[in-house]
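This report refers to the structure that appears directly beneath it.
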Amino acid sequence: MYSSNGAHSVIVVPRHRRPYAPSGGRRSARAQIRLAPGEQLAFGRVPAGDHERGLTLRHEGIQHTAGLITAYRAYWTLTNLSPCQTYLVENPEGAGEHIKVGPGRREAPIPFEFGRVVLPTGQELIDFDVWATCHDYQGGREVREGQGQAPALPAAPALQAFPLDRTRRYFLVLASLCEPRLREAPFARLPSTRQIIERLRPAWPAVSKSAVQWSVDYLAEKLCLTSARHSGKRESLVSLALRFDLVREDDLALLNRRRQAS
């Protein structure tokens, strides 16, 4: 049940303590939060509650108790306690692999040896690292999942990370930008302005080139993608929207609705 390093199978490294290697020196050991199989760590703005251990993430866009990490021998699980936000677990050592953990999902198993938990807040992405030091590559004994009940969601919700209104026309533009990658392939070419206009005619008869560009600029501002480091607003918008489920395949039905010209 235990790793070769002792009783701990999962090591959590707070954002401000990186970078350290899992086998780092004494400073690394002080920065780490070590979990033995079966132990849990709550994380959030005020993660205490009914849990003895917690990782504090100081941001108003994060819930008081945003989620739970549960350690097992050869893997760990992530519980998303948000009622509306999707969390990501990225593999920084891979080629872009990531796992999306939807709102309310309990104990999603995470297979990465080195994972980065990413939480959206609207202004920025908050993250921390999790190392699973005891991976088995040739099978091994299964570990049963715990039967503990997750704490109730906090009464006061956090600020909405991505305040998008699906009834507004800018959302139609975003949905049309995302459509090829939702219907076809993750790396499908984004539609041109002309293609967007043709696609939106049924739902938005008065759509124009300037209206599409205004919507793109507005979305970039609304989703905080105006920084100079974000080259290519449309590509950045689609990447963010698909990573955090801001546009889903069922949203594409909006593109086929007919409306009166205004």
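At distances below 3.5 Å, not a single donor-acceptor pair connects side-chain atoms of Y87 with backbone N or O atoms of L78. Under the 3.5 Å distance criterion, the side-chain polar atoms of K222 are matched with a main-chain donor or acceptor of P163. Remark: the backbone N or O of W214 is not paired with any side-chain donor or acceptor of Y170 at under 3.5 angstrom. In this structure a side-chain-to-backbone donor-acceptor pair under 3.5 Å is present from N80 to Q85.
In R183, the CZ atom is crowded: over 12 heavy atoms of neighbouring residues, nucleotides or ligands sit closer than 6.0 Å.
With sequence neighbours excluded, no residue satisfies ring pair (Phe, Tyr, Trp, His ring centres under 6.0 Å) with F171. The side chain to side chain donor-acceptor pair (under 3.5 Å) search around R248 returns none, not counting sequence neighbours.
Taken from CD in E179 to CD in Q195, the straight-line distance is 10.5 Å, to the nearest 0.5 Å. Separating the CG atom in L68 from the CD atom in Q40 is a distance of 5.0 Å, to the nearest 0.5 Å. Here K209 contributes atom NZ and R194 contributes atom CZ; the two are 11.5 Å apart, rounded to the nearest 0.5 Å. Atom CG of N91 is separated from atom CZ of F112 by 5.0 Å, given to the nearest 0.5 angstrom. Between D217 atom CG and L225 atom CG the span is 11.5 Å, to the nearest 0.5 Å. To the nearest 0.5 Å, atoms CD (E39) and OH (Y72) are separated by 12.0 Å.
By the 4.5 Å heavy-atom criterion applied to side chains, T70 and V10 are not counted as neighbours. No side-chain heavy atom of L172 sits less than 4.5 Å from a side-chain heavy atom of V207. Side-chain contact between F162 and T86: absent, with no pair of heavy atoms (C-beta onward) separated by less than 4.5 Å. By the 4.5 Å heavy-atom criterion applied to side chains, F128 and I69 are counted as neighbours. The closest side-chain heavy-atom distance from P191 to I196 is below 4.5 Å. The shortest side-chain heavy-atom distance between L119 and F43 falls under the 4.5 Å cut-off. Using a 4.5 Å heavy-atom cutoff, the side chains of L88 and K100 are in contact. Counting heavy atoms from C-beta outward, R243 and E90 have side chains that approach closer than 4.5 Å.
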* To do: Show the numbers, then the answer: is there a side chain to side chain contact (heavy atoms under 4.5 Å, CB included) between V247 and L177?
  => CA-CA 10 Å; V247 179; L177 281 169; over 6 Å; no

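In summary, the side chains of T193 and R234 do present a donor paired with an acceptor at a separation below 3.5 Å, with no hydrogens or angles considered. Remark: the T79 side chain and the E107 side chain contain no N/O donor-acceptor pair separated by less than 3.5 Å.
Listed by first and then second residue, the salt bridge (charged side-chain N to carboxylate O under 4.0 Å, His left out) pairs that reach into residues 56-68 come to none, sequence neighbours excluded.
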